[in-house]
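First up is the structure itself, then whatever we jot down about it.
Positions are given from 1 along the sequence.
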Amino acid sequence: IYVILEKLPLNPNGKIDRKLLPPPHFSSIHLTNSTELLQPTNDIEVNIHHIWCDLLKQNQISTDTNLFAIGGHSLLIMQLFHRYKIQFHLQSNTLSITDLFQHPTIIHHAQLIYQTMNVKENINDYHWSSLDIMKAKASYAQERIFLDEQIRFSSANNNTNVYVIPLLYRISSMNDHISVSRLQHAFQSIITQHQILRTALHIDDTNGTIIQHCLDANTIINDKKSFRFSMINLPDEEHEQDEIVKKIINQSDLFDLSRGHVIKCHILCRDQSNHLFTQNNDDLLFKDDLILFTIHHACFDGASTSIFIRDLSLAYQSNDLLSIDDNSMQYIDYSVHEHIMDMTSSQEFWFLELKGYNVARQLSLPLDRQRSSTNQQRSGLASTAEITFDNALCTSFLNYASLHHLTLFQLGLSIFYVFLFKLTHGQTDLCIGSINANRYRSELVNMIGMFVATLPFRVELDPHWSFDEVVRYVQEKCLSILEHSHYPLQHILGDNQLNQSNVSFLETMFEFISVSKDMGHLSLNSANLEQVPLQQSAEVSKFDFSLTFEYNSLLNNKRLSYRFVCSHDLFEKSTISKIAQRFQYISEQLFEIKSNNISVIDISSSISKLSLILPEEAEEMELVVFHRLENTVNEGIIVCRFF
């Protein structure tokens with residue numbers, strides 16, 4: 001990509017200042033394997049091309065374009081997998097997700113589908129459908145969230161809701177307005193349509209089983225005490241607004257799982273007495289008014305957000321409550337089907353995956369304090385730090401992923417493993433937790449619910465490996481896990497005779513979030529709302545040590561950021577801030593970003609040669625060792641320890 005400048009920006013020393021170079025614009029450019037736009041050549045390629053353009057929101061894609069070069073990621077591969085099964089009438093076991101990962105072009109996907117279209121149906125493969133039930137065992141994911149909240153966080157700060165998912169939107173235009181009554185109607189419609197949003201969870205006293213019970217929609221909607229829709233006056237000062245949102249999110253009575261109180265809509269409106277329209281209508285919301293949805297994680301996950309937004313928008317446009325299709329599959333049906341699946345091969349996979357690993361051994365992280373061995377409960381308080389990659393580092397990250405046919409998740413995870421290897425003073429047998437969307441069947445793609453699987457990702461690194469070798473190893477590991485991601489964590493722990501309270505890999509977590517357009521915006525008729533990020537002070541810590549990447553392709557700058565959210569029970573904020581800076585420095589070394597005082601590491605050399613010592617620390621050490629500082633008497637031995 002060529003960028004024309006009048007002159008190159010220089011630093012005070014007369015050298016080119018790379019940080020001031022403008023970033024290239026990728027918005028209208030598609031990286032392909034050739035300069036020619038290759039068109040589909042047969043019916044299969046035509047159908048696949050249409051699916052790609054639909055999911056990626058593009059008009060033209062060359063059939064030899066690498067999916068990961070134009071924003072592809074693991075969830076998108078899963079969506080393609082489900083669309084292919086529907087479009088080409090494929091059976092579940094005839095097309096491999098791993099093959100789609102390894103051959104990420106339209107041409108190759110067409111070849112794979114052609115090879116599988118004539119495979120005979122597996123007699124054990126059947127279509128999941130509605131079972132027309134209202135009560136059943138909770139899903140494995142619901143069970144995990146329910147017990148975690150009841151046990152690990154039973155003594156958490158009363159002002160902290162650990163498993164709340166907040167969605168905050170602001171009306172962004174002066175010309176837009178929203179009817180409160182229509183919004184309430186749409187909210188009621190969503191609760192009617194999706195049974196999971198009116199589902200109660202409780203423990204069966206007879207056998208200890210966790211039961212889910214779908215409550216009657218009319219009962220929930222017409223009961224003023226249980227219906228979850230409220231209006232709050234919003235002050236003008238922004239810091240007070242943040243405090244109000246934080247207070248709402250952490251209300252002790254925000255949820256009641258035993259009564260099916262799992263979602264609430266909060267309208268935060270300003271004084272509109274001077275607004276032209278409000279003189280005759282107090283039903284309207286205007287610019288800068290806020291809408292906050294709070295949803296319990298036991299019935300909702302990240303992938304549910306776009307479904308919720310889509311259905312809310314459709315319901316807002318309709319005058320009638322959306323009725324339930326008796327034949328449509330609901331979350332409770334998924335729970336039943338999940339419990340009767342044959343998971344024998346996945347059981348064997350996970351047993352071998354953890355064989356020989358010392359699950360009780362903790363990572364040697366730089367803790368500020370220890371948690372009592374007799375008290376494993378959490379406060380939920382967090383120490384956080386967030387850093388945004390500059391455009392040069394972000395571009396290098398994206399280019400590396402494209403060149404090596406990686407998902408951004410796989411590349412981010414590889415960096416995290418290398419960082420932990422250095423941070424733990426050379427531990428090579430590393431096992432951490434990560435999450436998988438777990439929507440492994442086409443019936444689950446458009447369903448609201450909690451599907452996310454928490455899985456152990458174990459690697460055994462060789463200190464002599466280059467970063468390229470680490471990346472290839474991690475990619476293969478991710479692909480092998482993908483085929484068995486539906487196996488419940490409870491089973492993984494039970495098969496290995498483990499207890500969740502003393503399993504180290506559940507305390508170190510990695511996540512990669514790709515922000516899509518439909519997640520960041522909500523449209524209600526002609527009114528547009530933008531999603532508002534929550535302040536870090538509102539975050540809670542579910543784990544001891546977690547890293548989350550976030551990539552937003554919609555932004556021209558600051559597209560890639562990461563944040564550490566760690567338990568304040570163990571880490572001071574200053575410690576996490578320093579750890580975040582060291583992670584940034586490791587990334588700069590890996591991608592050869594040259595700046596003042598940064599020595600470039602050849603990524604073809606051993607990962608052992610990477611350094612955690614920040615440039616300013618190295619400079620200070622050099623001054624101490626080789627120079628007599630002013631007003632300092634150099635006597636004795638100086639010992640410097642850097643984590």
If you count every heavy atom of other residues, nucleotides or ligands that lies below 6.0 Å from Asp43 atom CG, does the total exceed 12?
no

Student check: side-chain heavy atoms of Ile106 and Thr65 closer than 4.5 Å
no

With a 4.5 Å cut-off on side-chain heavy atoms, are Leu67 and Leu80 touching?
yes

If only atom types and distance count, is the side chain of Thr294 paired as donor or acceptor with the main-chain N or O of Pro166 below 3.5 Å?
no

Taking atom types as modelled, find out whether Asp132 and Ser130 have a side-chain donor-acceptor pair closer than 3.5 angstrom.
no

Which residue, Tyr84, Phe101, Phe81, forms the ring-ring contact (aromatic ring centres under 6.0 Å, His included) with His109?
Tyr84

Might you work through the side chain to side chain contact (heavy atoms under 4.5 Å, CB included) test for Met447 and Gln330, ending with a clear yes or no?
CA-CA 7 Å; Met447 187 182 295; Gln330 295 283 341; 5.9 Å; no

Say whether, by atom type as modelled, one donor and one acceptor occur between the side chain of Trp350 and the main chain of His484 under 3.5 angstrom.
yes

Between Arg458 and Asp429, does any side-chain N to carboxylate O distance fall below 4.0 Å?
yes

Minimum heavy-atom distance between Leu131 and Asp333, given as atom pair plus value
N-OD1, 3.0 Å

His405 side chain vs Pro104 backbone, donor-acceptor pair below 3.5 Å
no

Heavy atoms, side chains only, cut-off 4.5 Å: are Glu143 and Lys137 in contact?
no

Can you tell me how the ring of Tyr400 sits relative to the ring of His404, calling it parallel under 30°, perpendicular over 60° and tilted otherwise?
parallel

Looking at His337 and Ser129, would you say the former's side chain and the latter's main chain have a donor-acceptor pair under 3.5 Å?
yes

Between atom CD of Gln79 and atom OG of Ser442, what is the distance when rounded to the nearest 0.5 Å?
12.5 Å

Check the side chains of Glu511 and Ser546 for a donor-acceptor pair under 3.5 angstrom, ignoring hydrogens and angles.
no

Dump the intermediate steps for side-chain hydrogen bond (donor to acceptor under 3.5 Å, both in side chains) on Ser523 and Arg310, then the final yes or no.
CA-CA 9 Å; Ser523 294; Arg310 179 200 66 197; over 6 Å; no

Hey, does Asp462 have a side-chain heavy atom less than 4.5 Å from the side chain of Tyr473?
no

Is a side-chain donor-acceptor pair under 3.5 Å present for Glu149 with His296?
yes

Considering only NZ, NE, NH1 and NH2 on the basic side and carboxylate oxygens on the acidic side, decide whether Glu353 and Lys477 come within less than 4.0 Å.
yes

For the residue pair Met450 and Arg144, establish whether any side-chain heavy-atom pair is separated by less than 4.5 Å.
yes

Between Gln142 and Ser139, is there a donor-acceptor pair closer than 3.5 Å when you use the side chain of the first and the backbone of the second?
yes

Mind checking the OG1-CD1 spacing from Thr63 to Ile107? Nearest 0.5 Å is all I need.
3.5 Å

Pair Asp64-Thr105, side-chain donor/acceptor within less than 3.5 Å:
no

Quick check against the 3.5 Å criterion: does Gln531 have a side-chain atom that pairs as donor or acceptor with the backbone of Tyr169?
no

Matching residue for Phe409 among Tyr551, Phe510, Phe512 - test: ring-ring contact (aromatic ring centres under 6.0 Å, His included):
Phe510

Angle between ring planes, Tyr440 versus Trp128, binned at 30° and 60°: parallel, tilted or perpendicular?
perpendicular

If you define the side chain from C-beta out and look only at heavy atoms, does anything of Glu483 sit under 4.5 Å from Ile481?
no

Non-hydrogen side-chain atoms of Leu354 and Pro456 separated by less than 4.5 Å:
yes

Considering all heavy atoms of both residues, which atom of Gly260 and which atom of Leu215 are nearest to each other, and what is their separation?
CA-CD1, 4.0 Å

Any chance the rings of Tyr140 and His491 have centres within less than 6.0 Å?
yes

Met343 to Pro488 - nearest heavy-atom pair and separation
SD-CD, 3.6 Å

Ring geometry between Phe308 and Phe300 (parallel below 30°, tilted from 30 to 60°, perpendicular above 60°):
perpendicular

Donor on one side chain, acceptor on other, Asn438 and His486, under 3.5 Å
no

Rounded to the nearest 0.5 Å, how far apart are CG of Leu398 and CZ of Phe68?
13.5 Å

Point-to-point distance, once rounded to the nearest 0.5 Å, from CD of Glu550 to OH of Tyr562
14.0 Å

If you look at every heavy atom in Leu201 and Ala298, which pair is closest and at what distance?
CD1-CB, 4.0 Å

Scanning both residues in full, the closest heavy-atom pair of Leu420 with Thr508 reads CD1-CG2, 4.3 Å

Are side-chain heavy atoms of Ile291 and Cys265 found at a separation under 4.5 Å?
yes

For the pair Glu469 (side chain) and Ser466 (backbone), establish whether a donor and an acceptor sit closer than 3.5 Å, ignoring hydrogens and angles.
yes

Once rounded to the nearest 0.5 Å, what's the spacing between atom CG of Leu183 and atom NE2 of His185?
10.5 Å

Chi angles and distances behind the side chain to side chain contact (heavy atoms under 4.5 Å, CB included) call for Tyr487, Gln347:
CA-CA 7 Å; Tyr487 196 62; Gln347 181 182 33; 3.2 Å; yes

For a quick check under 3.5 Å, do Arg559 and Asn391 share a side-chain donor-acceptor pair by atom type?
no

List the steps and the verdict of side chain to side chain contact (heavy atoms under 4.5 Å, CB included) for Phe549 and Leu547.
CA-CA 7 Å; Phe549 269 96; Leu547 170 65; 4.0 Å; yes

Please tell me whether Ser304 and Asp301 have a donor and an acceptor in their side chains that are separated by less than 3.5 angstrom.
yes

Exercise: do Tyr357 and Asn496 side chains pair donor with acceptor under 3.5 Å
no

Applying salt bridge (Lys or Arg N to Asp or Glu O under 4.0 Å) to Asp148 and Lys542, what does each step give before you reach the verdict?
CA-CA 9 Å; Asp148 205 40; Lys542 304 182 186 72; over 6 Å; no

CZ (Arg198) and SG (Cys299) are apart, to the nearest 0.5 Å, by 12.0 Å

How far apart are the closest heavy atoms of Arg439 and Gly449, and which atoms are they?
NH2-O, 3.7 Å

Are Thr199 and Ile332 close enough, and set up right, to give a side chain to side chain contact (heavy atoms under 4.5 Å, CB included), and what steps lead you there?
CA-CA 9 Å; Thr199 294; Ile332 193 170; over 6 Å; no

I'd like to know if the side chain of Thr344 pairs up with that of Asp342 as donor and acceptor (distance under 3.5 Å, no hydrogens or angles considered).
yes

Could you tell me how the ring of Phe564 sits relative to the ring of Phe419: parallel (under 30°), tilted (30 to 60°) or perpendicular (over 60°)?
tilted

